[in-house]
Amino acid sequence: MTASNPIRTRIAPSPTGAPHIGTAYIALFNYAFTKRMGGQFILRIEDTDQTRYTRESENAILEALRWMRLAWDEGPDVGGPFGPYRQSERFAMYRDHGLRLVEAGHAYPCFCTGARLVKLREEQVKTKANPGYDGHCESIPPEEARRRVAAGELHVVRMKIPADGECVFRDRIRGEIKIAWTGVDRQVLLKSDGYPTYHLANVVDDHLMGITHVLRGEEWISSTPKHVLLYKYFGWEAPEFAHLPLLRNPDKSKLSKRKNPTGILYYRDAGYLPEALNNYLGLMAYSMPDGREIFSFDELAATFDLDRVSLGGPVFDLQKLANFNGQYLRRMDVRALADRATSWKLNPSLWQRILPLVQPRINTFSELVPMTAYFFADQLHYPPAALITGDIDGLRTARLLKIAQWEIEKTAAWTSEVIKAIFIGMAEKETLKLKTLLMPFFVAITGAPVSLPLFESMEILGKDMVLRRLQYALEALAGQGFTIKGKELKQLEAVYEAACAASKTFITS
RNA sequence: GCCCCCUUCGUCUAUCGGUUAGGACACCAGGUUCUCAACCUGGGAAGGUGGGUUCGACUCCCGCAGGGGGCGCCA
């Protein structure tokens, strides 16, 4: 690369949930690659799905990536010459570009209803045909299509796909990849609400922002032909693509929060150091030329080489991460350790949130630390049988914990009031007294059936930690033989959601 | 079902045609220590499978199997 053609990369998270460890992993590789090559690393917020977007999530992403010290050169908070860096603020650009494609005959308005699409899919499944849009509206004469659009008929814009041949593109670490056009669907570019889909927005933005290298997860390989084709339609040069292997659960499936903690902020709250986490992530699908395993951010960035990326999906191993974190902790001098521990949770501002909960319950300071210890822990140690309380048996306890997980995952806001509402709602559905329902949760969250107020505790602990403790509780119950297996679990979820939709009583038993 | 990607110890990986296949986490044993960690020493543990190519394959090619991903008006 020459100075006049510096490389530019980006990380483009979607603010629809808790910031994911996979985002940090991809960001780290982009960051290291960019620093090595001497370019700019951009943060772009992909908030084109207005139905799922939350502001809390966007803030959490910035907070999490900042905590990871993955500093971006341009982004929604720091600005930059290619802004805005939030897709919702670039709305008009996508519309213009989408329409440009329609005029050029590369895309067309599609008036098909959701109902028709559902029916089409059902038929395709039944006849074992490839699922995908059938091109129904592609044959509408442009004149007529224009008239119907002008008349305000609801529509989307779809891209045209070649009828035959194949798309050949180069992946920087995998080599040539060929995908037949018949296997690529006629992607919606502009949704009926006028927002672009990821595919359009990502191509338009990457071009306009001068992105030269796209390092992303391998889940994108199969939609790369659409992107390549869009670049061609626009007459733009496509960036280089490099698809990194996905982080995996111990069972090799794609890393998911149901099987592993995936929230970046969970790791912070559980007492991991960002440098240890970065170091560990740098070992996923990558190795240093000299075989070193302990290395800093800067050392990784100084030597990073895409050719050293390995392709097997790495299993995210909490034990090794914990060991690395321990090594970093041990290496620190006591002064630094004190500072870091203090800025973690041993600070006055956290105490000021916790203290009001204990103040009415203590006679001496000596009771303080024992009573609040669970705020500073990750996994709690209690006998698994303690989770089974009152008239609620083990299996029902497991189901209740599971339902609470779903409810908590669904909520964006995180205050004790919101949490309280969730549990009151659950108690009503279950026709249980709130007090009775809460018993196993007291144990799961605070480690004891008698403790400080639960909802406030959950608020202070944070959503990720609460979810994690529910998971630990579920595992403890599973150890006692109370486990909900795959099929039952799916059934429970389906029945429960149906009951929610109908706002009916739902009693797990 | 169709398409694509992947395949070295349990896990993360080194190896880029010739190595006793190396390291790390985890595990086991011993040592050290007021306990426990930490630390030190040692140990078990791997190239999915069948064909090629080659004097020689973990390494290159093909088939199969296994794993993963994708097939949304989600990203």
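A, B, ... follow the sequence lines: proteins, then strands. Residue 1 opens every chain.
- Contact annotation: A:Asn323 side-chain N/O to B:rA26 OP1/OP2 distance is under 4.0 Å.
- In this structure, A:Thr16 does not reach the B:rC74 phosphate: none of its side-chain N or O atoms is under 4.0 Å from OP1 or OP2.
- Remark: the separation of the C1' atoms in B:rC16 and B:rU11 is 24 Å, to the nearest Å.
- Counting only heavy atoms from C-beta on, A:Leu283 has its side chain closest to B:rC12 among B:rA75, B:rA38, B:rC12.
- Look at B:rU41: its Watson-Crick or wobble partner, with both distances under 3.5 angstrom, is B:rA29.
- Using the six-membered ring where Trp is involved, A:Phe241 and A:His243 have ring planes that are parallel, under 30° apart on the 30 and 60° scheme.
- Within 4.0 Å of A:Arg52, counting heavy atoms only, lies at least one base atom of the nucleic acid.
- The distance from atom NZ of A:Lys254 to atom C1' of B:rA75 is 9 Å, rounded to the nearest whole Å.
- Rounded to whole angstrom, the span from the CG atom of A:Leu255 across to the P atom of B:rC12 amounts to 13 Å.
- Residue-level contact check: A:Val156 touches the bases, meaning some heavy atom is under 4.0 Å from a base atom.
- The side chain of A:Arg158 sits closest to B:rC73 out of B:rC12, B:rC73, B:rA75.
- Between A:Ser287 and the phosphate of B:rA14, there is a side-chain N or O to OP1/OP2 separation shorter than 4.0 Å.
- The CG-P distance, from A:Leu189 to B:rG72, rounds to 15 Å in whole Å.
- The side chain of A:Ile177 sits closest to B:rC5 out of B:rG67, B:rG72, B:rC5.
- The partner of B:rA46 is absent, by the rule that a Watson-Crick or G-U pair needs both atom distances under 3.5 Å.
- Between the CD atom of A:Glu218 and the P atom of B:rG67 there is a distance of 16 Å, rounded to whole Å.
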For the pair A:Arg258 and A:Glu409, evaluate salt bridge (Lys or Arg N to Asp or Glu O under 4.0 Å) and give the outcome as yes or no after the intermediate values. CA-CA 10 Å; A:Arg258 297 276 168 98; A:Glu409 279 167 9; 3.3 Å; yes
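- When distances run from any side-chain atom of A:Asp317 to the nucleotides B:rC74, B:rC39, B:rC25, the shortest one goes to B:rC25.
- The A:Thr48 side chain lies nearest to B:rA75 when the options are B:rA75, B:rC12, B:rC25.
- Both distances falling under 3.5 Å, in either a Watson-Crick or a G-U wobble arrangement, place B:rC71 opposite B:rG1.
- The partner of B:rA14 cannot be assigned: no Watson-Crick or G-U wobble pair with both contacts below 3.5 Å exists in any strand.
- B:rU15 and B:rG47: their C1' atoms are spaced 11 Å apart (whole Å).
- When distances run from any side-chain atom of A:Glu293 to the nucleotides B:rC25, B:rC12, B:rG69, the shortest one goes to B:rC12.
- Under the 4.0 Å criterion applied to side-chain N and carboxylate O atoms, A:Asp47 and A:Arg52 are not assigned as salt-bridge partners.
- A cation-pi arrangement is present between A:Arg158 and A:Tyr133, with the terminal nitrogen or guanidinium carbon under 6.0 Å from the aromatic centre and inside a 45° cone about the axis.
- For A:Asp49 and A:Lys178, each mapped to the nucleotide of RNA chain B holding its nearest heavy atom, the one lying further toward the 5' end belongs to A:Lys178.
- Listed pair A:Lys191 / B:rG72 fails the phosphate criterion, with no side-chain N or O lying under 4.0 Å from OP1 or OP2.
- Because its NZ or CZ atom is not both nearer than 6.0 Å to the ring centre of A:Tyr266 and within 45° of the ring axis, A:Arg268 does not count as a cation-pi partner of that residue.
- For the P atoms, the distance linking B:rC36 with B:rU32 amounts to 13 Å, nearest Å.
- Atom NE2 of A:His155 is separated from atom C1' of B:rC73 by 12 Å (rounded to the nearest Å).
- Side-chain proximity of A:Ile179 to B:rA26, B:rC3, B:rC73: nearest is B:rC3.
- Phosphate proximity of B:rC12 to A:Lys252: present, with a side-chain N or O under 4.0 Å from OP1 or OP2.
- A:Glu138 has no carboxylate O lying under 4.0 Å from a charged side-chain N of A:Lys160, or vice versa, which leaves the two without a salt bridge.
- Between A:Met37 and A:Thr9, every side-chain heavy-atom pair lies at or beyond the 4.5 Å cut-off.
- A donor and an acceptor atom never sit less than 3.5 Å apart when one is taken from the side chain of A:Lys320 and the other from the base of B:rA26.
- Checking B:rC12, B:rC6, B:rC71 against every side-chain atom of A:Leu311, the shortest atom distance belongs to B:rC6.
- In this model, the phosphate group of B:rG72 is approached by a side-chain N or O of A:Arg121 to a distance below 4.0 Å at OP1 or OP2.
- For A:Ser192 against B:rC73, a side-chain-to-base donor-acceptor contact under 3.5 Å is present.
- Pair assignment for B:rC36: none, as no Watson-Crick or G-U wobble contacts are both less than 3.5 Å.
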